[in-house]
Number of protein chains: 2
Amino acid sequence: MSEKQINPLPLRLKQARTALGISQKQLGIQLGMEPGTASARMNHYEKGKHTPDYATLKAMADELGVPVAYFFCESESTAELLCLLEKMTEEEKADLVKKVTNTVL
Amino acid sequence: MSEKQINPLPLRLKQARTALGISQKQLGIQLGMEPGTASARMNHYEKGKHTPDYATLKAMADELGVPVAYFFCESESTAELLCLLEKMTEEEKADLVKKVTNTVL
DNA sequence: AGGTATACTAAGGAATCCTTAGCCTTTTAG
DNA sequence: CTAAAAGGCTAAGGATTCCTTAGTATACCT
């Protein structure tokens, strides 16, 4: 019954960071962390040792160009779709909701 | 410069809980919390006083029938779509990614 | 009124995080 | 080759946040 209870955040964070080609420390600095602590803190988050609070989560999301919810997506396709949704208007998303609702239900 | 930095979790939690018509305390108990602490803990989360760790977040999501990422959606339409995505197969989601990609880009 | 249910809060012990101070490997420069 | 720099990573303790206890307040019901 080994119910794997994996926190997606470490993986998603690493994916988004490496996509930008910057180091853990540099990302932390860009988020406004002290240069002396940025490396350790970001590494803790990426290794799942610690969990960032919401303000840090939001800052990371903005810096990485993803929505906060992206960090908690369990599947790749959902993560990808969320990033696309962020680029759409409310109207476009409302339309998509209707379409998908008819398809699924 | 009032940068609205609202944590969506309290609102989303309340939305999903009231949709089920159960009390804060009862939800906490269903998550396996001690009956003596369930009320206070759930209220803290719903008022934004404290933030649940991932295990609690996952348990809440499962019990409420939403994905964990739902708690962090800033817009209603995105929150709604995420819940629909959870009911789709990986294949269906992959197809949707393609469609949306062509629409957006 | 009395009892119950629900939402909510203060305070302190318990748990987690942030910071300091490094180590270890790989890569780059000399 | 050697040294230095860069990136990833970790232990430990002070700083911060959370969990738990205990209780208040309001509304509803009998």
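The sequence lines fix the lettering, A, B, ..., with proteins before strands; numbering per chain opens at 1. The structure presented is a predicted model; accordingly, all values stated were derived computationally and were not measured.
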Undergrad: Classify the nucleic acid contact of A:K49 as base, sugar-phosphate or nothing, counting any heavy atom under 4.0 Å across all strands shown.
TA: sugar-phosphate
Undergrad: Which one, C:dA7, C:dT19, D:dG8, comes nearest to the side chain of B:R17?
TA: C:dA7
Undergrad: C:dC8 P sits how many Å from B:M42 CE, rounded?
TA: 12 Å
Undergrad: By the definition side-chain contact (heavy atoms from CB on, under 4.5 Å), identify the one residue from A:L81, A:V97, A:L85 that meets it with B:T78.
TA: A:L85
Undergrad: Among C:dA7, D:dG8, D:dA11, which nucleotide sits nearest the side chain of B:Q24?
TA: C:dA7
Undergrad: Between B:E92 (side chain only) and B:T89 (backbone N and O only), is there a donor and an acceptor less than 3.5 Å apart?
TA: yes
Undergrad: Choose from D:dC19, C:dC17, D:dT10 the nucleotide whose nearest atom is closest to any side-chain atom of A:A40.
TA: D:dT10
Undergrad: Can you tell which of D:dG8, C:dA7, C:dT20 lies closest to the side chain of A:S23?
TA: D:dG8
Undergrad: Would you call A:K99-A:D95 a salt bridge at under 4.0 Å N-O?
TA: no
Undergrad: Ignoring backbone atoms, establish whether A:R41 has a side-chain N or O less than 4.0 Å from OP1 or OP2 of C:dT19.
TA: yes
Undergrad: Taking 4.0 Å as the cut-off, does a side-chain nitrogen or oxygen of A:T51 come that near to OP1 or OP2 on C:dC17?
TA: yes
Undergrad: A:S39 side chain: which of D:dG8, D:dT20, C:dC8 is closest?
TA: D:dG8
Undergrad: Among C:dC17, D:dC18, C:dT9, which nucleotide has an atom closest to any side-chain atom of B:K47?
TA: C:dT9
Undergrad: Does A:Y45 put a side-chain nitrogen or oxygen below 4.0 Å from OP1 or OP2 of C:dC17?
TA: no
Undergrad: How long is the line joining CG of B:N43 and C1' of C:dA5, in whole Å?
TA: 14 Å
Undergrad: Considering only NZ, NE, NH1 and NH2 on the basic side and carboxylate oxygens on the acidic side, decide whether A:R41 and A:E34 come within less than 4.0 Å.
TA: no
Undergrad: What integer distance in Å separates A:E46:CD from D:dG8:P?
TA: 7 Å
